[in-house]
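The block underneath contains the structure these notes are about, expressed in structure tokens.
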Amino acid sequence: QVQVVESGGGKVQPGGSLRLSCAASGSFFSIDAMGWYRQAPGKQRDKVVTLAHNTFQDYADFAKGRFTISRDNANNTWYLQMNSLKPEDTAIYYCLLVAKRTRHADLMNYWGQGTQVTVSS
């Protein structure tokens, strides 16, 4: 069974920084992509950034220049460094893992439980 667990959320003042972490555990054959999404109250879940094949990064416009995704391959952990945070960044942040459990299995999406980020003075 694959599990994905986020950590690192909290409350920060505008202009501040936070780093979110996401750790994947369990048995899987390969990782195709990982990423971060967010959902503000009353809104749909939006992509923040994805990292495919450990190479291709795709940031949402609001994240460019402020947010950075990185990965620790050895520990199946990835991070979202968020700088210059704004009140409109307030949301629940979810990490996503796209992986195969076995060589012949379909790619599956595994979501974390979400971590709250609040940007407020």
Side-chain angles (χ1 to χ4, degrees):
Q1 184 172 349
V2 177
Q3 285 189 316
V4 178
V5 179
E6 302 103 338
S7 60
K11 184 177 179 180
V12 64
Q13 292 187 343
S17 298
L18 277 176
R19 189 174 85 150
L20 307 182
S21 301
C22 188
S25 62
S27 175
F28 44 84
F29 174 75
S30 64
I31 294 175
D32 188 78
M34 51 189 55
W36 293 92
Y37 285 68
R38 72 184 189 183
Q39 188 167 18
K43 296 189 176 181
Q44 66 181 20
R45 188 176 298 188
D46 291 325
K47 181 189 74 178
V48 177
V49 59
T50 55
L51 173 62
H53 304 294
N54 210 27
T55 302
F56 303 107
Q57 299 180 8
D58 185 18
Y59 287 90
D61 286 343
F62 64 78
K64 291 177 181 177
R66 298 190 299 130
F67 295 1
T68 303
I69 190 170
S70 61
R71 178 179 176 178
D72 177 352
N73 290 332
N75 294 305
N76 289 326
T77 301
W78 57 107
Y79 306 93
L80 181 67
Q81 178 67 43
M82 303 186 292
N83 299 327
S84 302
L85 283 162
K86 306 174 182 179
E88 52 263 43
D89 294 318
T90 295
I92 298 174
Y93 284 70
Y94 298 89
C95 61
L96 169 68
L97 173 71
V98 184
K100 286 187 175 183
R101 293 201 61 193
T102 65
R103 178 186 293 273
H104 301 292
D106 292 333
L107 280 171
M108 295 288 291
N109 292 340
Y110 300 94
W111 291 94
Q113 80 285 358
T115 186
Q116 177 71 46
V117 171
T118 302
V119 184
S120 173
S121 55

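Remember, it's a predicted structure, so these values are computed and weren't measured experimentally. For the numbers below, each heavy atom of this structure counts, side chains included, while hydrogens, waters and symmetry mates do not.
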Closest heavy-atom pair and its distance - A24, L97: CB-CD2, 3.9 Å

Side chain Q113, main chain V5, donor-acceptor under 3.5 Å: no

Y59 side chain to Q57 side chain, donor-acceptor N/O pair below 3.5 angstrom: yes

Pair Q116-T90, side chain to side chain contact (heavy atoms under 4.5 Å, CB included): steps then yes or no: CA-CA 8 Å; Q116 177 71 46; T90 295; 3.9 Å; yes

Pairwise distance CG(L20) to CZ(R38) - rounded to 0.5 angstrom: 11.0 Å

S25 and N76: CA distance, side-chain angles, deciding distance, side chain to side chain contact (heavy atoms under 4.5 Å, CB included) verdict: CA-CA 7 Å; S25 62; N76 289 326; over 6 Å; no

Closest non-hydrogen atom pair, P14 against S120: CD-C, 3.6 Å

Donor-acceptor contact below 3.5 Å, side chain T55 vs main chain H53: yes

Side-chain donor or acceptor of Q81 paired with backbone N/O of R19 under 3.5 Å: no

Rounded distance (nearest 0.5 Å) linking atom CD of E6 with atom CH2 of W78: 8.5 Å

Any D58 side-chain heavy atom under 4.5 Å of K47 side chain: yes

Basic-acidic side-chain contact under 4.0 Å: D61, K64: yes

Atom pair CZ (R101) and CD (Q1), whose distance is rounded to the nearest 0.5 Å: 7.0 Å

Minimum heavy-atom distance K43-Q39, with the two atoms named: O-NE2, 3.0 Å

Minimum heavy-atom distance between W36 and I69, given as atom pair plus value: CD1-CD1, 3.9 Å

Separation between CG of L18 and CG of L85, rounded to the nearest 0.5 Å: 6.0 Å

Any side-chain heavy-atom pair of I92 and Y94 under 4.5 Å: yes

Pairwise side-chain contact, R45 with W111, heavy-atom cut-off 4.5 Å (strictly under): yes

Criterion side chain to side chain contact (heavy atoms under 4.5 Å, CB included) on F28 and M108, from CA distance to verdict: CA-CA 10 Å; F28 44 84; M108 295 288 291; over 6 Å; no

Any donor-acceptor N/O pair, T77 side chain to A23 backbone, under 3.5 Å: no

Least distance between heavy atoms, K100 atom then R103 atom: NZ-O, 3.6 Å

Among V49, T115, T68, the one residue meeting side-chain contact (heavy atoms from CB on, under 4.5 Å) with L80: V49

Check: R71 and L51 side chains under 4.5 Å, non-hydrogen atoms: yes

Shortest non-hydrogen contact between Y37 and T50, atoms and distance: OH-CG2, 4.0 Å

